[in-house]
Amino acid sequence: MEITQIIASHIGEVTGEDFTVTGQHSIAGGCINSAFKLQGKGKDYFVKTNSASRLPMFEAEYAGLKEIADSASIRVPLPLCFGTAGRQAYLVMEYIVAGSHRVSASDKSMQQFGQQLAAMHQHTSDGFGWHMHNTIGSTEQRNSRSRDWLEFWRTQRLGFQLQLAAGNGYAGSLQTEGERLMSALSSLFDDYRPEASLLHGDLWSGNVIVDSDAQPVIYDPAVYYGDREADIAMTELFGGFSRRFYSAYQEAWPLSDGYPIRRDVYNLYHVLNHLNLFGGGYLGQASNLMGNILSQIR
């Protein structure tokens with residue numbers, strides 16, 4: 001049986017209605033998974049596929065989308081089902097039609113996005129992490145629960161990425177500076193105690209669209225509960241969003257003093273992940289970030 005037939009049968013089981021495939025169209029853009037639009041009479045779905053060994057990644061993404069959807073704060077593609085078909089794993093979710101215009105600096109959608117993200121961050125937990133591990137890109141992201149945010153960030157974020165980097169051949173000064181930074185981090189949190197907010201976890205512009213009703217939509221999450229500044233920091237890493245977004249967020253829930261240097265600490269995690277995923281082109285950026293942080297906390 002072809003994968004589309006297996007998925008169609010699974011959709012029917014979950015929805016309680018027969019689903020007959022009338023069309024299938026590949027969707028370009030992803031560097032980790034393959035994706036396509038699965039069409040049926042009156043209903044379309046977005047499907048991701050990868051090797052069967054990647055099923056846990058799709059299970060975690062399903063749970064992350066559901067976690068955000070349950071917060072009733074900002075729109076995500078509603079997840080429907082996941083499973084395997086032969087040598088392939090799949091994840092099925094709602095197909096959202098993107099709006100015909102790009103989000104601009106003056107767009108009210110960005111104001112709404114800032115307000116809704118702040119609302120999502122106000123959904124909190126009594127501990128940092130999550131009930132399951134997931135992935136950041138294709139890298140494992142560990143989320144073992146902790147009451148200590150700084151320890152969580154040291155061991156399960158920066159420390160983990162530095163270990164991966166050492167295994168990938170990036171030793172020497174990167175590891176030396178990394179150890180110095182890990183030892184000095186506590187000074188950035190002397191008067192700062194973040195709440196454990198619901199985070200998207202991979203919030204850059206490529207994971208945000210506006211739908212046909214001009215409503216913001218976020219997708220491809222790497223969900224966990226952590227310092228909301230980590231989400232805001234990543235919005236600034238690869239180009240950033242408009243002033244209208246940041247103003248709306250600040251009005252809804254102002255950021256604390258010290259955010260600019262903590263932003264670099266949080267973004268170092270993503271730069272190290274890019275180093276581990278894509279190679280030495282990110283080594284200089286990682287080293288420069290470390291140097292900048294250390295120069296401010298020495």
Check for a donor-acceptor pair, side chain of [X] on one end and backbone N or O of [Y] on the other, with a separation under 3.5 Å.
| X | Y | result |
| --- | --- | --- |
| Asn168 | Leu164 | yes |
| Asp148 | Glu151 | yes |
| Glu229 | Arg262 | no |
| Gln250 | Leu255 | yes |
| Ser187 | Ala184 | yes |
| Ser197 | Leu199 | no |
| Asp231 | His200 | yes |
| Asp211 | Pro216 | no |
| Arg157 | Arg142 | yes |
| Ser9 | Gln5 | no |

Measuring centre to centre across the rings, with the benzene-like ring taken for any Trp, is [X] within less than 6.0 Å of [Y]?
| X | Y | result |
| --- | --- | --- |
| Phe238 | His274 | yes |
| Tyr249 | His121 | yes |
| Trp153 | Tyr269 | yes |
| Phe128 | Tyr225 | no |
| Phe82 | Tyr90 | no |

If you measure only the distance, is there a donor-acceptor pair under 3.5 Å linking the side chains of [X] and [Y]?
| X | Y | result |
| --- | --- | --- |
| Arg145 | Ser125 | yes |
| Glu61 | Asn134 | no |
| Ser109 | Asp107 | yes |
| Glu140 | His133 | no |
| Gln39 | Gln24 | no |
| Tyr170 | Asn276 | no |
| Gln111 | Arg244 | yes |

To the nearest 0.5 Å, what is the distance between [atom1] on [X] and [atom2] on [Y]?
| X | Y | atom1 | atom2 | answer |
| --- | --- | --- | --- | --- |
| Leu181 | Asn292 | CG | CG | 11.0 Å |
| Glu13 | Leu80 | CD | CG | 11.0 Å |
| Ile27 | Asn33 | CD1 | CG | 12.0 Å |
| Gln141 | Met57 | CD | CE | 13.0 Å |
| Gln156 | Tyr224 | CD | OH | 10.5 Å |

Determine whether [X] and [Y] make a side-chain contact, defined as any pair of heavy atoms from C-beta on separated by less than 4.5 Å.
| X | Y | answer |
| --- | --- | --- |
| Tyr282 | Asn273 | no |
| Ile11 | Tyr45 | yes |
| Thr22 | Lys41 | yes |
| Leu117 | Gln115 | no |
| Gln296 | Leu188 | no |
| Leu272 | Leu162 | yes |

So which atom in [X] and which in [Y] form the shortest heavy-atom distance, rounded to 0.1 Å?
| X | Y | result |
| --- | --- | --- |
| Val217 | Pro77 | CG1-CD, 4.1 Å |
| Ala52 | Gly86 | CB-O, 4.0 Å |
| Thr135 | Ala222 | O-CB, 3.3 Å |
| Leu198 | Met120 | O-CE, 3.4 Å |
| Met182 | Leu158 | SD-CB, 3.7 Å |
| Ile6 | Thr84 | CG2-O, 4.3 Å |

State plainly whether one hydrophobic cluster holds both [X] and [Y], where clusters connect Ile, Leu, Val, Met, Phe, Trp and Tyr through side-chain heavy atoms under 4.5 angstrom apart.
| X | Y | answer |
| --- | --- | --- |
| Val265 | Leu294 | yes |
| Leu237 | Leu268 | yes |
| Val271 | Ile297 | yes |

| query | After noting the C-alpha distance and the side-chain angles of Phe113 and Phe245, does the key distance pass the ring pair (Phe, Tyr, Trp, His ring centres under 6.0 Å) rule? | reply | CA-CA 6 Å; Phe113 179 32; Phe245 162 77; 4.7 Å; yes
| query | Which of these passes side chain to side chain contact (heavy atoms under 4.5 Å, CB included) with Tyr219: Asp202, Ile68, Ile209, Val76? | reply |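 Answer to the side chain to side chain contact (heavy atoms under 4.5 Å, CB included) test with Tyr219 among Asp202, Ile68, Ile209, Val76: Ile209.
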| request: Name the orientation class of the two ring planes belonging to Trp149 and Phe152 (parallel below 30°, tilted from 30 to 60°, perpendicular beyond 60°). | output: parallel
| Going through the checks in order, is the side chain to side chain contact (heavy atoms under 4.5 Å, CB included) test met by Ser186 and Arg154? | CA-CA 10 Å; Ser186 57; Arg154 272 198 185 111; 3.8 Å; yes
| request: Would you mind checking if Asp220 and Lys48 are paired as a salt bridge, meaning a charged N to carboxylate O distance below 4.0 Å? | output: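 So Lys48 pairs with Asp220 through a salt bridge.
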| field | Pair Arg263 + Glu236, salt bridge at N-O below 4.0 Å | value |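 So Arg263 pairs with Glu236 through a salt bridge.
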